[in-house]
Amino acid sequence: MVKNKIYKIVILGPPASGKGTQATFLAERLNIPSISVGQILRDEVEKESECGKMVKDQMKSGGLVSNAIVNKLVRKRLEQPDCQRGFVFDGFPRIMIQAKYLDTLIKITHVLEIAVSDQEVINRLSGRRTCPRCGRVYHLKFNPPKKDELCDDCQVKLEIREDDTEQAIRRRLKIYHQETEEVVGYYREKGLLIRINGEQSIEDVRAEIFNKLNLN
Ligand code: AMP
């Protein structure tokens with residue numbers, strides 16, 4: 001069944017809900033790309049490209065990057081041949097304008113909402129570390145790297161993301177409640193939404209997702 005079916009998945013959830021981690025599991029299982037707009041933007045900042053310079057400050061403060069920039073990046077990414085077999089979006093769309101724009105490009109087949117309380121988000125962010133090279137996310141307590149604070153894949157020293165400060169995280173949470181929950185409701189009305197309890201171990205969240213998508 002998985003062989004013939006094309007999965008065009010969106011994962012929504014507050015910061016640190018595990019979207020990136022679960023997107024990676026799905027991408028591996030289904031052999032499709034996982035697309036993190038946040039990671040594409042961080043790469044642009046790292047490269048100090050024109051786009052990177054434009055978005056740097058906004059990202060650091062935890063605010064959203066302009067729709068014009070994000071929508072263009074997404075359109076270009078979806079044109080890549082590897083997206084023909086499906087894809088997993090991690091953190092896009094975040095506001096209604098983006099959701100409506102996505103509708104003009106492609107038909108999404110499943111939307112996962114990883115539900116996590118604000119308190120849990122704040123607890124988790126204290127230990128979060130990211131690989132500056134590949135973007136893989138770790139947690140010192142819940143999902144530690146194998147060795148010291150080095151990425152398992154790249155052996156590069158893990159870093160604290162610039163927008164994981166308390167002030168930035170509060171802003172990101174506020175945006176989630178004010179903007180992204182409307183997107184969650186939009187997909188619920190379309191009958192595409194699958195709600196996942198994000199307050200379980202990483203493995204149990206994975207199992208719930210795979211069960212609900214009939215991927216076992
Ligand atoms: P993430 O890695 O998904 O937590 O995203 C990190 C940051 O990238 C966000 O706080 C925003 O500044 C920016 N970003 C990521 N996705 C979007 C989006 N869909 N729309 C606007 N800004 C975004």
Side-chain angles (χ1 to χ4, degrees), residues 8-24 26-27 33-47 49 51-78 87-106 108 111-114 116 118 120-122 124-139 143 158-184 186-187 198:
K8 296 179 179 172
I9 304 171
V10 163
I11 306 188
L12 302 174
S17 55
K19 299 186 295 288
T21 305
Q22 300 298 333
T24 306
L26 280 168
S34 144
I35 306 172
S36 159
V37 172
Q39 189 57 42
I40 296 174
L41 291 168
R42 277 189 290 279
D43 290 345
E44 294 297 324
V45 172
E46 184 76 14
K47 282 190 287 188
S49 68
C51 166
K53 285 181 197 154
M54 276 193 280
V55 303
K56 188 173 194 260
D57 291 344
Q58 193 64 343
M59 287 185 75
K60 191 173 172 181
S61 70
L64 290 183
V65 166
S66 87
N67 295 316
I69 292 178
V70 168
N71 286 349
K72 189 169 161 204
L73 284 175
V74 165
R75 179 171 51 77
K76 278 173 103 179
R77 184 64 189 87
L78 285 175
F87 51 81
V88 191
F89 266 123
D90 151 18
F92 180 88
R94 269 173 152 91
I95 65 174
M96 277 310 295
I97 297 172
Q98 295 174 0
K100 297 271 189 191
Y101 180 70
L102 189 58
D103 284 347
T104 69
L105 299 178
I106 213 119
I108 294 298
V111 179
L112 303 172
E113 177 202 7
I114 307 189
V116 171
D118 287 8
E120 177 71 8
V121 167
I122 290 161
R124 285 182 185 186
L125 278 160
S126 58
R128 184 151 97 160
R129 297 288 183 278
T130 325
C131 172
R133 184 167 300 163
C134 72
R136 186 165 163 188
V137 180
Y138 298 84
H139 191 285
N143 180 26
L158 301 177
E159 291 179 356
I160 299 178
R161 257 172 58 172
E162 276 198 325
D163 59 350
D164 278 350
T165 60
E166 186 168 343
Q167 202 186 10
I169 199 62
R170 289 201 186 279
R171 185 157 180 217
R172 287 158 71 201
L173 266 174
K174 195 168 159 202
I175 293 171
Y176 188 77
H177 293 307
Q178 283 178 350
E179 309 282 354
T180 313
E181 278 177 356
E182 195 183 350
V183 176
V184 172
Y186 175 69
Y187 287 125

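We count residues from 1, following the sequence as given. As the structure lists them, so they are numbered: ligands from 1, and atoms in each ligand from 1.
Of the charged side-chain nitrogens involved, at least one lies within less than 4.0 Å of a carboxylate oxygen, so that E166 and R170 count as a salt-bridged pair. Contact check on K60 versus D164 returns no salt bridge, with no Lys/Arg side-chain nitrogen under 4.0 Å from an Asp/Glu carboxylate oxygen.
In this pair, F89 and F87 present their aromatic rings perpendicular. The plane angle is above 60°, beyond the 30 to 60° band.
Around ligand 1 you find V37, G38, L41, R42, M59, G63, L64, V65, V70, G91, F92, R94, Q98, R161, D163, R172, each with a heavy-atom distance below 4.0 Å.
Among residues two or more places apart in sequence or in another chain, the side chain to side chain contact (heavy atoms under 4.5 Å, CB included) test is passed with L158 by R129, C131, Y138, P145, C151.
A27 and V88 make their closest contact through N-CG2, 4.2 Å (heavy atoms, listed as atom of the first residue, atom of the second, distance). The minimum heavy-atom distance between P14 and K19, with the atom names listed, is O-NZ, 3.2 Å.
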